[in-house]
2 protein chains.
Amino acid sequence: MKLSKKERQLTLHQTITDNPFVTDDDLAKRFGVSVQTIRLDRMELSIPELRERIKSVAEQTFEDEVRSLPIDEVIGEVIDIELDKSGISIFDVKEEHVFQRNQITRGHHLFAQANSLAVALINDELALTARANLLFSKPVQMGDRVVAKAKVSHRDMHRTTVEVMSYVDKTLVFKGEFEMYRSTSQLGEEN
Amino acid sequence: MKLSKKERQLTLHQTITDNPFVTDDDLAKRFGVSVQTIRLDRMELSIPELRERIKSVAEQTFEDEVRSLPIDEVIGEVIDIELDKSGISIFDVKEEHVFQRNQITRGHHLFAQANSLAVALINDELALTARANLLFSKPVQMGDRVVAKAKVSHRDMHRTTVEVMSYVDKTLVFKGEFEMYRSTSQLGEEN
DNA sequence: ACTCCTATTAGTACCTAGTGCTAGTAGCGG
DNA sequence: CCGCTACTAGCACTAGGTACTAATAGGAGT
């Protein structure tokens with residue numbers, strides 16, 4: 001059975017947002033309508049064409065010109081980074097991050113945010129965590145926005161120590177000291 | 001002054017890698033050569049066309065976005081547990097757990113396995129991690145099966161210390177000491 | 001001087017995934 | 001039957017290419 005216009009447009013929107021790489025032709029076949037109908041739908045919903053969609057996805061990554069480590073492997077959203085120095089990322093706690101029982105964030109998410117920020121900070125091909133020291137100072141609730149601030153505190157040949165402090169509304173909720181291993185010892189200027 | 005072919009191709013490669021959004025036309029103007037020359041250069045250097053470049057940048061982001069979601073509930077499979085005493089869980093490292101770049105497991109997955117095993121050990125409504133001390137002694141590769149063995153090492157009123165050792169084929173890859181907080185002090189049996 | 005070779009340029013046909021526009025049809029309500 | 005909405009169809013045109021052929025300029029070798 002065919003969908004109504006409204007239903008189709010809703011589904012269309014969903015389909016495109018969870019796979020922006022789909023063409024009008026694909027969509028037409030999927031919904032059993034003509035390509036023109038799909039185009040009218042996209043216009044009404046102001047959904048740009050395939051190439052523009054792909055481009056904007058690509059631009060998102062690229063705008064944060066941190067080329068040393070793919071920023072997309074970071075848990076949480078990096079909002080500022082200065083390689084080998086400091087960085088900030090934010091992480092919004094949602095339903096899937098908490099214990100159902102008490103709505104408290106599972107520790108490994110806070111660790112993941114802090115650790116991947118520490119990895120991102122290291123301006124190196126190979127950055128691995130060697131050791132870590134963690135303190136979970138206050139439970140984080142669902143809905144909280146966790147701001148992690150990382151700072152490189154020490155460097156020698158192959159080791160870099162990164163200190164990460166995570167806050168919810170100015171309150172420290174997590175503190176971690178990460179000893180990172182890196183393959184090269186480049187201490188001079190980058191680039 | 002014009003560049004030689006070799007110089008131009010080197011510069012071209014650099015130009016494209018740090019801005020994949022540039023068209024052949026732009027490049028032709030930038031180097032003062034024809035569009036065809038740029039195309040020959042791209043072929044020799046096997047650099048794909050603009051649209052393909054953009055697409056691959058977009059795909060990277062997209063795959064990782066989808067991938068970073070399932071850091072969900074059960075991390076590792078608990079195969080044996082004795083409450084307040086000891087437990088064992090296994091975790092198979094798959095593609096989504098490693099850095100694309102070097103196929104090494106991201107630290108937070110090892111942490112997540114160990115930490116959630118520690119949580120499971122605590123026989124309490126409210127078990128939270130208060131502090132942790134971690135050592136990542138050896139990189140874990142994709143395809144490895146990580147066996148985590150946890151043991152309660154110390155208890156007092158509200159704190160329980162759990163030691164977790166994770167192995168891949170008898171080799172220690174991770175060691176963690178977790179100081180867990182619990183709400184009740186129940187030392188006797190129950191439920 | 002003539003030939004061979006490389007580098008470069010020019011131009012054509014074709015492709016994909018569209019936009020923008022005009023026109024036509026099918027079904028339904030008043 | 002008129003008008004409306006929803007849908008379909010077709011054409012010209014676009015960007016940013018591929019794939020291919022052909023022409024030209026400047027050297028090096030003999």
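Residue numbers start from 1 in every chain, and the chains themselves are labelled A, B, ... in the order their sequence lines are given, proteins ahead of strands.
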S.K.: Hey, is the side chain of A:R51 pairing donor to acceptor with the base of C:dG18 inside 3.5 Å?
M.R.: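 Under the 3.5 Å cut-off, the side chain and the base do not form any donor-acceptor pair.
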S.K.: Out of D:dG16, C:dT19, D:dT8, which has the shortest distance to the side chain of A:D24?
M.R.: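 Minimum distance to the A:D24 side chain belongs to C:dT19.
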S.K.: State which residue, out of B:I104, B:V168, B:V98, fulfils the side-chain contact (heavy atoms from CB on, under 4.5 Å) condition with B:V93.
M.R.: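 Exactly one pass, corresponding to B:V98.
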S.K.: Quick check: does any side chain N or O of A:E7 sit under 3.5 Å from a backbone N or O of A:S4, one acting as donor and the other as acceptor?
M.R.: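 The answer is yes, because a donor-acceptor pair under 3.5 Å joins these two groups.
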S.K.: Without decimals, in angstroms, what is the distance between A:Q36 CD and D:dG10 P?
M.R.: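 So the two atoms are 9 Å apart, to the nearest Å.
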S.K.: Would you say the side-chain atoms of B:R182 and B:T160 include a donor-acceptor pair closer than 3.5 Å?
M.R.: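 Yes, a side-chain donor-acceptor pair sits under 3.5 Å.
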S.K.: Within this structure, what is the CG-to-C1' distance between A:D26 and C:dG18, rounded to whole angstrom?
M.R.: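 Taking atom C1' of C:dG18 as the reference, CG of A:D26 is at 13 Å.
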S.K.: Assess whether a salt bridge exists between A:D25 and A:K29, defined as any Lys/Arg side-chain N lying under 4.0 Å from an Asp/Glu carboxylate O.
M.R.: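 Judged by the 4.0 Å cut-off on N to carboxylate O distance, A:D25 and A:K29 do form a salt bridge.
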S.K.: May I ask you to say what B:R8 touches in the nucleic acid, namely base, sugar-phosphate or nothing, with a heavy-atom cut-off under 4.0 Å?
M.R.: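 Answer is sugar-phosphate: B:R8 comes under 4.0 Å of backbone atoms only.
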S.K.: Across the strands shown, which category fits B:D25 at heavy-atom distances under 4.0 angstrom: base, sugar-phosphate, nothing?
M.R.: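 Counting heavy atoms under 4.0 Å across all strands, no contact is made by B:D25.
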S.K.: Taking atom types as modelled, is there a side-chain donor on A:T129 or A:E179 under 3.5 Å from an acceptor on the other?
M.R.: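 A:E179 and A:T129 do not have a side-chain donor-acceptor pair below 3.5 Å.
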S.K.: Please check the phosphate of D:dC7 (OP1 and OP2 only) for any side-chain N or O of A:T37 closer than 4.0 Å.
M.R.: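 So the side-chain polar atoms of A:T37 never come under 4.0 Å of the phosphate oxygens OP1 or OP2 of D:dC7.
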S.K.: May I ask you to check whether B:Q141 and B:T105 show a side-chain donor-acceptor distance below 3.5 Å?
M.R.: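 Looking only at side-chain atoms, B:T105 and B:Q141 do not form any donor-acceptor pair under 3.5 Å.
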S.K.: What are the residues of residues 39-49 of chain A, sorted by number, that bring a heavy atom to within less than 4.0 Å of DNA chain D?
M.R.: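 Within this stretch, A:L40 sit under 4.0 Å of the strand.
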S.K.: Just how far is it from atom OG of A:S89 to atom CG of A:L121, taken to the nearest 0.5 Å?
M.R.: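 CG of A:L121 is found 10.0 Å from OG of A:S89.
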S.K.: May I have the distance from B:K5 (atom NZ) to C:dC5 (atom P), rounded to whole angstrom?
M.R.: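 It works out to 16 Å between those atoms.
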S.K.: Between A:L50 and B:I38, just flag the one whose closest nucleotide in DNA chain C comes earlier from the 5' side.
M.R.: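 Nearer the 5' end of the strand: B:I38.
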S.K.: At what angle, to 10 degrees, do the two end axes of the helix from C:dA1-D:dT30 to C:dG30-D:dC1 meet, given five pairs define each axis?
M.R.: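 If I round to tens, the end axes sit 20° apart.
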S.K.: Looking at A:F178 versus A:F111, is the centre-to-centre ring distance below 6.0 Å?
M.R.: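 When the ring centroids of A:F178 and A:F111 are compared, they turn out to be within the sub-6.0 Å range.
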S.K.: Aromatic rings B:H97 and B:F91: how do their planes relate, parallel, tilted or perpendicular, breaks at 30° and 60°?
M.R.: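 B:H97 and B:F91: perpendicular rings.
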S.K.: Just the rounded figure in Å: distance from C1' of C:dA17 to CD of B:E52.
M.R.: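 Taking atom C1' of C:dA17 as the reference, CD of B:E52 is at 13 Å.
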